[in-house]
Amino acid sequence: MKLQQVSESCHAVLNERGRVCDANSGLVNRGGGLVVDTQADVPHAQRMIELFGGVWPGMPRRVVNTSEAGVHVSGNQLFAGAEIIAHRTVPDSMAHAADPSRYRELVDDTGGFASRLVRRAFQPGKWAAGTQLREEHDFGGIALTPPTTLFDDRYELDLDGVDVHLIHVGPCHQVGDTIVHVPGEWVLFAGDTVFRRCTPMGWTG
C-alpha cells in the first residue's frame, strides 16, 4: 500500500497489485476529515489509517462507503464514533455481500490438498481468487459495522469550504455503488465503477 496526494485536499491509499480485494481508499483532509472506503480486512484498514495519519492528525469524523462490498466496509469498526455515510441499500445488502465467512470459506477451500485439486481442476477462477486471498488477507476479527447516515440519490457535504458530492450510480458492480466527487479540486473517487489494470467483475449491473 502507498499514500499518494491527488489534489490540495485529497489523498489516496493505493493497493497497486490489482489482485482480489485490492481496492483503494481516499481521504479529504478538511472539515474533520473524510475517509472514502475502509478496505477489505482489519489489517489493511489499520495500515490505511497509519498512512492517512501522516497527513491528517487524529481519526477522521466521517466515512463514506461507496458500496456494500466487503472491500469497502470491512474496516468500518475501526472508526468508532464516526459518521458513516452510504446509499440507503447498503446496510441490508452488506450483511450478505460483506459477510467475512464467505471470504474465509473461499480461502479455506484452497488449504487442503484435495480441495486444491478439485478447485483448480473444476473451478480455476475460484481457486485463483482463494489463493490470492490466502496470500494477502486476514478475514478474522471483522465485526460488520453498518452506515449511520443513509441517502437516496445525492448527498452533499461542506468540509470547511470544500464541497463533496456523493452520487448514487448503482446498480453497477453492486447495488449501492456511489461515486464521491470533489468538484473544486477535480477529483473523483470512483469506487467500483472503475477497474484499472485488473479484471472487472459485475455482480448486479
Side-chain angles (χ1 to χ4, degrees), residues 1 3 11-15 20-53 55-107 133 136-152 154-157 159 164 166-180 189-193 203-204:
M1 299 175 84
L3 177 70
H11 295 73
V13 159
L14 305 174
N15 285 298
V20 176
C21 287
D22 275 354
N24 302 319
S25 295
L27 171 72
V28 183
N29 62 350
R30 295 288 185 91
L34 179 143
V35 165
V36 181
D37 293 329
T38 61
Q39 294 290 315
D41 61 15
V42 172
H44 279 78
Q46 290 170 330
R47 179 59 180 148
M48 173 198 71
I49 290 169
E50 291 172 6
L51 289 170
F52 283 149
V55 295
W56 181 257
M59 290 294 284
R61 287 171 37 201
R62 296 182 179 92
V63 170
V64 174
N65 294 145
T66 62
S67 86
E68 63 267 32
V71 295
H72 304 290
V73 305
S74 293
N76 284 3
Q77 68 196 71
L78 299 183
F79 293 87
E83 178 186 17
I84 303 176
I85 309 167
H87 185 256
R88 188 165 302 282
T89 59
V90 168
D92 289 339
S93 53
M94 71 184 279
H96 174 71
D99 182 355
S101 68
R102 298 177 66 211
Y103 292 97
R104 289 194 296 268
E105 181 180 336
L106 193 58
V107 169
L133 292 176
E136 298 187 11
H137 288 84
D138 177 2
F139 298 103
I142 296 174
L144 287 182
T145 303
T148 56
T149 298
L150 306 177
F151 69 96
D152 291 311
R154 297 178 67 99
Y155 192 83
E156 297 187 359
L157 295 165
L159 304 182
V164 179
L166 281 56
I167 306 166
H168 177 240
V169 295
C172 295
H173 181 67
Q174 300 283 352
V175 175
D177 281 314
T178 294
I179 58 175
V180 180
F189 295 104
D192 279 343
T193 66
W203 298 122
T204 60

Under the salt bridge (Lys or Arg N to Asp or Glu O under 4.0 Å) rule, what pairs show up with a residue in residues 76-102, not counting sequence neighbours?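 Non-adjacent pairs meeting salt bridge (Lys or Arg N to Asp or Glu O under 4.0 Å): Arg62-Glu83, Arg88-Asp152.
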Tell me whether [X] contacts the main-chain N or O of [Y] through its side chain, where contact means a donor paired with an acceptor under 3.5 Å.
{"X": "Thr178", "Y": "Gly176", "value": "yes"}
{"X": "Gln77", "Y": "Ala143", "value": "yes"}
{"X": "Asn65", "Y": "Val73", "value": "no"}
{"X": "Asp177", "Y": "Ser67", "value": "no"}

Rounded distance [0.5 Å steps], [atom1] in [X] versus [atom2] in [Y]:
{"X": "Asn24", "Y": "Asn15", "atom1": "CG", "atom2": "CG", "answer": "6.0 Å"}
{"X": "Glu68", "Y": "Asp192", "atom1": "CD", "atom2": "CG", "answer": "9.5 Å"}
{"X": "His11", "Y": "Leu51", "atom1": "NE2", "atom2": "CG", "answer": "11.0 Å"}
{"X": "Ile167", "Y": "Ile179", "atom1": "CD1", "atom2": "CD1", "answer": "4.5 Å"}
{"X": "Leu157", "Y": "Leu34", "atom1": "CG", "atom2": "CG", "answer": "6.5 Å"}

Working note: Val42 + Ile142, criterion side-chain contact (heavy atoms from CB on, under 4.5 Å); need CA distance, chi angles, decisive distance, verdict. CA-CA 7 Å; Val42 172; Ile142 296 174; 4.1 Å; yes
Is there a side-chain contact between Ser25 and Asp37 (heavy atoms, below 4.5 Å)?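 In short, these two side chains touch, coming nearer than 4.5 Å.
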Is His44 close to Ser74 at the side-chain level, that is, under 4.5 Å between some pair of heavy atoms?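 Not touching, per the 4.5 Å side-chain cut-off.
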Counting only pairs under 3.5 Å, give me each side-chain donor-acceptor contact of residues 26-33, with atom names and distances, residues two or more places apart or in other chains.
residue: Arg30; atom: NE; partner: Ser9; partner atom: OG; Å: 3.3
residue: Arg30; atom: NH2; partner: Glu8; partner atom: OE2; Å: 3.2
residue: Arg30; atom: NH2; partner: Ser9; partner atom: OG; Å: 3.4

Could you check Thr38, Thr148, Thr145 and say which one makes a side-chain hydrogen bond (donor to acceptor under 3.5 Å, both in side chains) with Asn76?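 With Asn76 as partner, side-chain hydrogen bond (donor to acceptor under 3.5 Å, both in side chains) holds for just one option, Thr38.
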Partner set under ring pair (Phe, Tyr, Trp, His ring centres under 6.0 Å) for Phe139, not counting sequence neighbours: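 Ring pair (Phe, Tyr, Trp, His ring centres under 6.0 Å) check on Phe139 returns Tyr103, His137.
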Which atom of [X] lies closest to which atom of [Y], heavy atoms considered:
{"X": "Val63", "Y": "Ala82", "result": "CG2-CB, 4.5 Å"}
{"X": "Val13", "Y": "Gln39", "result": "CG1-NE2, 4.4 Å"}
{"X": "Met94", "Y": "Pro147", "result": "SD-CD, 3.8 Å"}
{"X": "Pro146", "Y": "Ile84", "result": "O-CD1, 4.1 Å"}

Check the angle between the aromatic planes of His87 and His168 and answer parallel, tilted or perpendicular using the 30° and 60° thresholds.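 His87 vs His168 ring planes: parallel.
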Report the C-alpha separation of Phe52 and Val35 in whole Å, then their side-chain angles, then the decisive distance to 0.1 Å, and conclude whether the side-chain contact (heavy atoms from CB on, under 4.5 Å) test is met. CA-CA 9 Å; Phe52 283 149; Val35 165; 4.3 Å; yes
Can Asp22 and Glu136 be said to form a side-chain contact (heavy atoms from CB on, under 4.5 Å), step by step? CA-CA 10 Å; Asp22 275 354; Glu136 298 187 11; 4.0 Å; yes
Kindly determine whether Tyr155 and Leu150 satisfy side-chain contact (heavy atoms from CB on, under 4.5 Å), including the steps that lead there. CA-CA 9 Å; Tyr155 192 83; Leu150 306 177; over 6 Å; no
